[in-house]
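Some notes on the structure that comes next.
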Amino acid sequence: MKGKELRRSRSVLPIGTVMKLTNLTARQIRYYEEQELVMPERNEGNRRLYSLNDIDRLLEVKDYLDDGINMAGIKEIYRERQAKLEAKRSDESKPLSDNELRKILQDEFMNLGGLQTPEQRSLHTHNPLI
DNA sequence: ATTCTAACA
DNA sequence: TGTTAGGA
């Protein structure tokens, strides 16, 4: 259950492939890196190399943006996601780590509405979630 | 052919 | 965000 994560975190994809896989422009992909939403590695020639996890993160960022959440809001989401994860790591390091993770992600969705702009919020009056 | 940084009619 | 110049 460990070699799988290693493969997903192995950076090998050039930005051109990431563009096709995420439908994002190179400009957007580089900008999100500037915002520290993804931190791809670089090869000998200073070319960016992305991992499958980076792809997932990029797609997630795109979804949040589509839902009207701004850069600050997205950063806040990841900031809290990491904070709660660390908290569970210090105390009962192993025990209910799995169920706890579910609750953490659940709480995350509960707070999304507060991070959206008033405009976007009014567009989703029928779907509280998302 | 691809990607990189910097900059803006 | 788009686009473009000038390099690697």
Side-chain angles (χ1 to χ4, degrees):
Chain A
M1 185 71 102
K2 203 174 304 175
K4 194 172 184 179
E5 295 179 19
L6 215 142
R7 279 188 294 261
R8 292 187 63 72
S9 60
R10 185 157 288 159
S11 301
V12 290
L13 313 173
I15 198 169
T17 301
V18 179
M19 290 173 69
K20 294 171 183 172
L21 264 34
T22 64
N23 267 73
L24 288 170
T25 64
R27 178 76 161 86
Q28 293 174 307
I29 296 171
R30 295 183 185 121
Y31 177 65
Y32 300 156
E33 174 183 356
E34 207 173 285
Q35 300 305 302
E36 300 179 273
L37 267 30
V38 287
M39 30 178 285
E41 290 175 14
R42 298 292 183 114
N43 63 14
E44 315 70 42
N46 194 42
R47 259 113 176 105
R48 273 169 267 249
L49 292 181
Y50 299 84
S51 69
L52 294 178
N53 285 325
D54 290 329
I55 301 294
D56 288 339
R57 169 60 64 92
L58 255 10
L59 290 172
E60 198 176 8
V61 168
K62 195 178 75 165
D63 285 340
Y64 284 143
L65 255 21
D66 286 338
D67 288 339
I69 298 174
N70 56 43
M71 242 18 52
I74 296 177
K75 288 183 183 179
E76 192 178 312
I77 289 174
Y78 293 133
R79 165 172 112 351
E80 293 177 14
R81 180 183 294 181
Q82 185 189 303
K84 287 193 174 183
L85 244 44
E86 298 180 341
K88 298 303 176 184
R89 181 188 308 168
S90 58
D91 322 323
E92 306 151 61
S93 59
K94 304 291 182 179
L96 307 175
S97 177
D98 200 54
N99 286 309
E100 297 286 23
L101 179 58
R102 295 204 175 211
K103 183 177 180 58
I104 290 175
L105 293 175
Q106 180 60 50
D107 293 337
E108 180 176 306
F109 293 135
M110 297 275 273
N111 299 316
L112 289 187
L115 299 172
Q116 294 175 220
T117 64
E119 309 78 66
Q120 287 300 324
R121 213 167 309 154
S122 64
L123 294 175
H124 293 309
T125 44
H126 293 301
N127 200 328
L129 217 65
I130 293 180

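Below, read A as the first sequence line, B as the second, and so on, with proteins coming before strands; counting in each chain starts at 1. Not measured: the values here are computed from a predicted model.
- In this entry the distance linking CZ of A:Arg42 with C1' of B:dC4 reads 8 Å, nearest Å.
- At least one side-chain heavy atom of A:Asn23 sits less than 4.5 Å from a side-chain heavy atom of A:Lys62.
- As a whole-Å value, the separation of A:Asn23 CG from C:dT1 C1' is 16 Å.
- One atom, CZ of A:Arg30, and another, P of C:dT1, lie 14 Å apart when rounded to the nearest Å.
- Taking every heavy atom of both residues into account, A:Leu37 and A:Met71 meet most closely at CD2-SD, 3.7 Å.
- Heavy-atom neighbours of A:Arg10 CZ from other residues, nucleotides or ligands within 6.0 Å: at or below the threshold of 12.
- One can place CD of A:Glu33 at 12 Å from P of B:dA6, the figure rounded to the nearest angstrom.
- Here A:Gly45 lies out of heavy-atom contact (under 4.0 Å) with every strand.
- Under the Watson-Crick or G-U wobble criterion, with both distances below 3.5 Å, B:dA9 is left unpaired in every strand shown.
- At whole-Å resolution of the value, CE in A:Met19 and P in B:dC4 are 10 Å apart.
- Put simply, CD1 on A:Ile15 is 10 Å from C1' on B:dT2, counting in whole angstrom units.
- In this structure, A:Arg48 does not reach the B:dT3 phosphate: none of its side-chain N or O atoms is under 4.0 Å from OP1 or OP2.
- Between A:Tyr32 and C:dT1 there is a side-chain N or O to OP1 or OP2 distance below 4.0 Å.
- Just one of A:Glu86, A:Arg79, A:Lys84 meets the side-chain hydrogen bond (donor to acceptor under 3.5 Å, both in side chains) condition when paired with A:Gln82; it is A:Glu86.
- Using a 4.5 Å heavy-atom threshold, the side chains of A:Leu59 and A:Leu21 count as separate.
- Side-chain contact check for A:Thr25 versus A:Tyr31: every heavy-atom pair is 4.5 Å or farther apart.
- OP1 or OP2 of C:dG2 sits under 4.0 Å from a side-chain N or O of A:Thr25.
- The interatomic distance linking A:Tyr31 (OH) with B:dA6 (P) rounds to 16 Å, in whole Å.
- Across the protein-nucleic acid pair, A:Glu34 atom CD and C:dG2 atom C1' stand 15 Å apart, rounded to whole Å.
- When both distances must be under 3.5 Å, the Watson-Crick or G-U wobble mate of B:dC4 is C:dG6.
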Atom pairs under 3.5 Å: protein N/O with N/O of nucleotides 3-8 of chain C:
from  : atom 1 : to      : atom 2 : distance (Å)
C:dT3 : O4     : A:Arg27 : NE     : 3.2

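- The local environment of NZ in A:Lys75 is crowded, with over 12 non-hydrogen atoms from other residues, nucleotides or ligands closer than 6.0 Å.
- B:dT2 and C:dG6 have their P atoms separated by 22 Å, with the value rounded to a whole Å.
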